[in-house]
**Q** 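Please read through the structure below; I'll follow up with questions.
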Amino acid sequence: MVFADPGEARARAQGVLDADPSPWRASVAHQVIGIWQRDWGDMKMALRHLRQARDLAARAQAPDREADVLAALGVALVHAGRTRQGLEALERGVTVSSGHTRARVLFRRAYASWVLGRHREALEDVRRAIPVLRQADDVIWTARALTLRATVHLALGAVDRADADFTAAEALWDTTGQDHDKADVVESRGLAAFRQGDIPAALRLMDEAEERYAKLGTPSFMLSIRRCDVLMAAGLAPEALTVADAAIGALDGIGGQSTRKAELLLVAARAARLAGDPHTAIARAALAVRLFAGQRRTWWETHAQLVLLQSRVASGRRSGRLVADAAAVADRLASFGAPAAPEASLLAGRIALGLGWTADAERHLAVAARSRHGGPPLARMTGWAAQALRARAAGSGRGVLEACRRGLDVLDDHRMTLGASELRARATEQGAELAALAQQASLESGGPRRLLTWSERWRATVLTAPPTRPPADPALLGDLTAFREIAARAEEGRRDGRPIPVLEREQRRLEREIRSRTLHLRGAAPGDGDRFEPGRLLERLGEVRLVELAVLDGRVQVLLCGLGRVRRFEAGRLAEAETEAEHVQAGLRRLAHPGAEGRLPVVEAMGRRLEELLLGPAAAHLGSGPVVIVPPGRLHSVPWALLPSLRERVLSVSPSASSWLRARETEPPPGGRHVLVRGPGLATGGAEVSELADRPGSPLLLEEDDARATRVLEELDGAALAHIAAHGTFRADSPLFSSLRMADGPLIVHDFERLDRSPYRIILSCCDTARLASVGADELLGLVTALLPLGTAGVVASSAPVNDAAVVPLMLALHKGLDTGLSLAEALRDARAALPGDALHQATGWAFTAFGAA
């Protein structure tokens, strides 16, 4: 019962002890309490009860009873880090038992071997146990043994064998009432899905397992470890670090298993390294190494040593000793048959390359490169990265580009299995090194066209296809409605000065639910996609100049496209440009308030400095026609209209050249329907909306109770033009919860992703609607980028706070230009020119940007 209904089993066992039981019955009761404490409570109490159970079994002169307790005690000792004593108890259990009981003891010894990383020994014991358990028609223990064998197969990389055993075990569990074991097999199937590269399925199964454990009231630290692995593979390393550290705190709080603490420290170290925090990674990994060594868990200790070495290299350390240590770790991992062995060989090769040891580097990289032909996507990525470094060391630019192409193709296929735009964006981080190697090789051995091609290869890839949309997910729709209501009540409470901690907690819970459901979505089948071709871009540009900014070794490379050719210019350093852009944003915030006119010359001077850093000599070659800027993700906050050479131009911005091409070729929907939306709480009351509603063409006006999220989404779907005057809120911590305030609460990015087709043109007239979060390799998440893959060809939005009153004449002038047939970029240029020349209105014009090509 302890694995079917743990709480009830513990209570009944205590009831047995309270009734003056015989030694045999008391032994069973103490064993049940000991198992409960071992798996979900205090290890010291677990050992005390299990030792009492052992002594009582001996007094009862029942060898099989004693053997069964010795097996449970042996597992507990191993989990407590007392490996030698644990293995001795298990060995004695095997010796004193026979038949059916011995098979159960062998299963527990196999489990202990798996915990210790001794996978071959685990397989041998579980293979001996399964036939006996089946012959005895012991369904529960047969299912446990199949689940364990599947888990060991996964550790050895035998995914197909694992899947077969999981399927057989699940069929058996369905005939029992063992709810905890059922939850465990769901969790394990999540692990199998992860090993097969299906991250959405892994997240869904692990969430289901967590719900099952919660109903039983039992924590699962193993689930936390596995969830962290999946989160890291999805590019969510900071989130994985938070989960791991929280689990470590909870485990310490109950005095739980030492083995699980070591494993949690290891995943925390990996997460910290991937999150760009090598010093935290070193501290966590070093402690994990010490714990694993004390527990005699060589397999685990070696994996922790790999993370420790990777973290030291990430902190800037390079030495011959590190090469030797990495090579030794690679050899040990290979001897275990561990899938991580190529990572260690890649690390050794990379360090050797940095030291100029080309022969050593070639030897280690050649070993790592073998993984490029098989295994899960990230293992093949490791192999192609090693192959690319080998080619670079050999001076073969063509070889570098071929390896990078093949590696990024693997990651493309992997990304397209992800339905959520957030996961697609974050997954690109895993291809950042390959993309950088290819760009560097293009710069050294090819012309500007090749560099443009590789710059596009890994830029704004999340926009290549819309996120998967569940057409009828009532749970998600219910969560979105509840979130909107709670967020509206919380906002009202803030305005009234009332404390709202309960509402804020519920809002965070609903955010987690919504995000969790969207991360479960699986993408479409992989395909070749629409490959970027410079020739096609140059044909479509006409009189337009497209300026794509690539960053190599921290310096901005300007690729100027137009008049049938691509030219390259070198500008300033990216870090300096980012700092200057932050200063400009601060200046614009000041200018949004009356009385800051004296800051105008300072902000204009910053614009000149930004132009030097971002365009350099290319600014003199822009011609006189329209310009499209394609910046890297880290420069998304630049107000491009402030740059002197762009100030009076027809100017638009696009996340990538491919995105601009798609927008240019997007046809407007039939009917030409226009929608005006006015949200609550605007300082001017959305004054421009009233005037626009009186213009010819009878646009649909949604305001007050009509401006509710569901109605607004219904009318926006397939509109030709939407003008939304509503307070915008950008969420840097969770960009897909950035929102526009409607009458019934926030309209978030997840809402827009449910549209069949977002409006062809959208004008967002309030603050912060164009702010984006840079994630992954060169991806952007936010409201604007959510609209572009859904059918929107052009957006006008603000990347800085603006003065509501000054926005009104800008918006009216913008619509006047659109009425005459101008594009968004043309109309915005003319609208800026029509504004008064004071600092407030000038800053307002610079804050707005036209995105896309409509």
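Everything numeric here is computed off the predicted structure, so don't read it as measured data.
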**Q** Got a salt bridge between Arg273 and Asp277, using NZ or NE/NH1/NH2 to carboxylate O under 4.0 Å?
**A** no
**Q** Would a 4.5 Å heavy-atom cut-off, applied to side chains only, mark Val630 and Pro655 as touching?
**A** no
**Q** Would you check, one step at a time, whether the test side chain to side chain contact (heavy atoms under 4.5 Å, CB included) holds for Leu818 with Arg761?
**A** CA-CA 11 Å; Leu818 294 177; Arg761 288 174 171 171; 3.7 Å; yes
**Q** Mind listing the closest non-hydrogen atom pair of Pro632 and Val551 along with its distance?
**A** CG-CG2, 4.0 Å
**Q** Quick one: closest heavy-atom pair of Pro448 and Leu559, and the distance?
**A** O-CD2, 4.2 Å
**Q** Looking only at non-hydrogen atoms, find the nearest pair between Ala831 and Leu814 and report the distance.
**A** CB-N, 3.7 Å
**Q** So that I can tick it off, tell me whether Glu362 and Arg390 are bridged by a salt bridge, with the cut-off set at under 4.0 angstrom between side-chain N and carboxylate O.
**A** yes
**Q** If you look at every heavy atom in Arg555 and Gly572, which pair is closest and at what distance?
**A** CG-O, 3.4 Å
**Q** Do the charged groups of Arg406 and Glu402 touch, with an N to O distance under 4.0 Å?
**A** yes
**Q** Run the side chain to side chain contact (heavy atoms under 4.5 Å, CB included) check on Leu646 and Ile629 step by step: do they pass?
**A** CA-CA 10 Å; Leu646 302 177; Ile629 299 289; 4.1 Å; yes
**Q** Identify, with sequence neighbours excluded, every residue that meets ring pair (Phe, Tyr, Trp, His ring centres under 6.0 Å) alongside His621.
**A** Phe569
**Q** Stepwise, does the side chain to side chain contact (heavy atoms under 4.5 Å, CB included) test hold for Leu443 with Arg568?
**A** CA-CA 10 Å; Leu443 185 64; Arg568 182 179 68 85; 3.4 Å; yes
**Q** Could you check whether Glu533 pairs with Arg540 (Lys NZ or Arg NE/NH1/NH2 to Asp/Glu carboxylate O, under 4.0 Å)?
**A** no
**Q** Is Arg573 salt-bridged to Glu576, cutoff N-O under 4.0 Å?
**A** no
**Q** Return yes if some donor-acceptor pair links the side-chain N/O of Arg647 with the main-chain N/O of Leu642 below 3.5 Å, else return no.
**A** yes
**Q** How far does CG of Leu322 sit from CG of Leu309, to the nearest 0.5 angstrom?
**A** 6.0 Å
**Q** Closest approach of Ala850 and Ala825, non-hydrogen atoms and distance?
**A** CB-CA, 3.8 Å
**Q** Could you tell me the separation between the OG1 atom of Thr453 and the CZ atom of Arg405, rounded to the nearest 0.5 Å?
**A** 13.0 Å
**Q** So which atom in Leu538 and which in Arg449 form the shortest heavy-atom distance, rounded to 0.1 Å?
**A** CD1-NH2, 3.2 Å
**Q** Rounded to the nearest 0.5 Å, what separation is found between the NE2 atom of His364 and the OG atom of Ser345?
**A** 7.5 Å
**Q** Mind checking side-chain hydrogen bond (donor to acceptor under 3.5 Å, both in side chains) for Gln842 and listing every partner two or more places apart, or none if nothing turns up?
**A** none
**Q** So how far is it from Leu622 CG to Leu560 CG, rounded to the nearest 0.5 Å?
**A** 6.0 Å
**Q** To the nearest 0.5 Å, tell me how far Gln439 CD sits from Leu434 CG.
**A** 11.5 Å
**Q** Between CD of Glu456 and CG of Leu661, what distance do you get to the nearest 0.5 Å?
**A** 8.0 Å
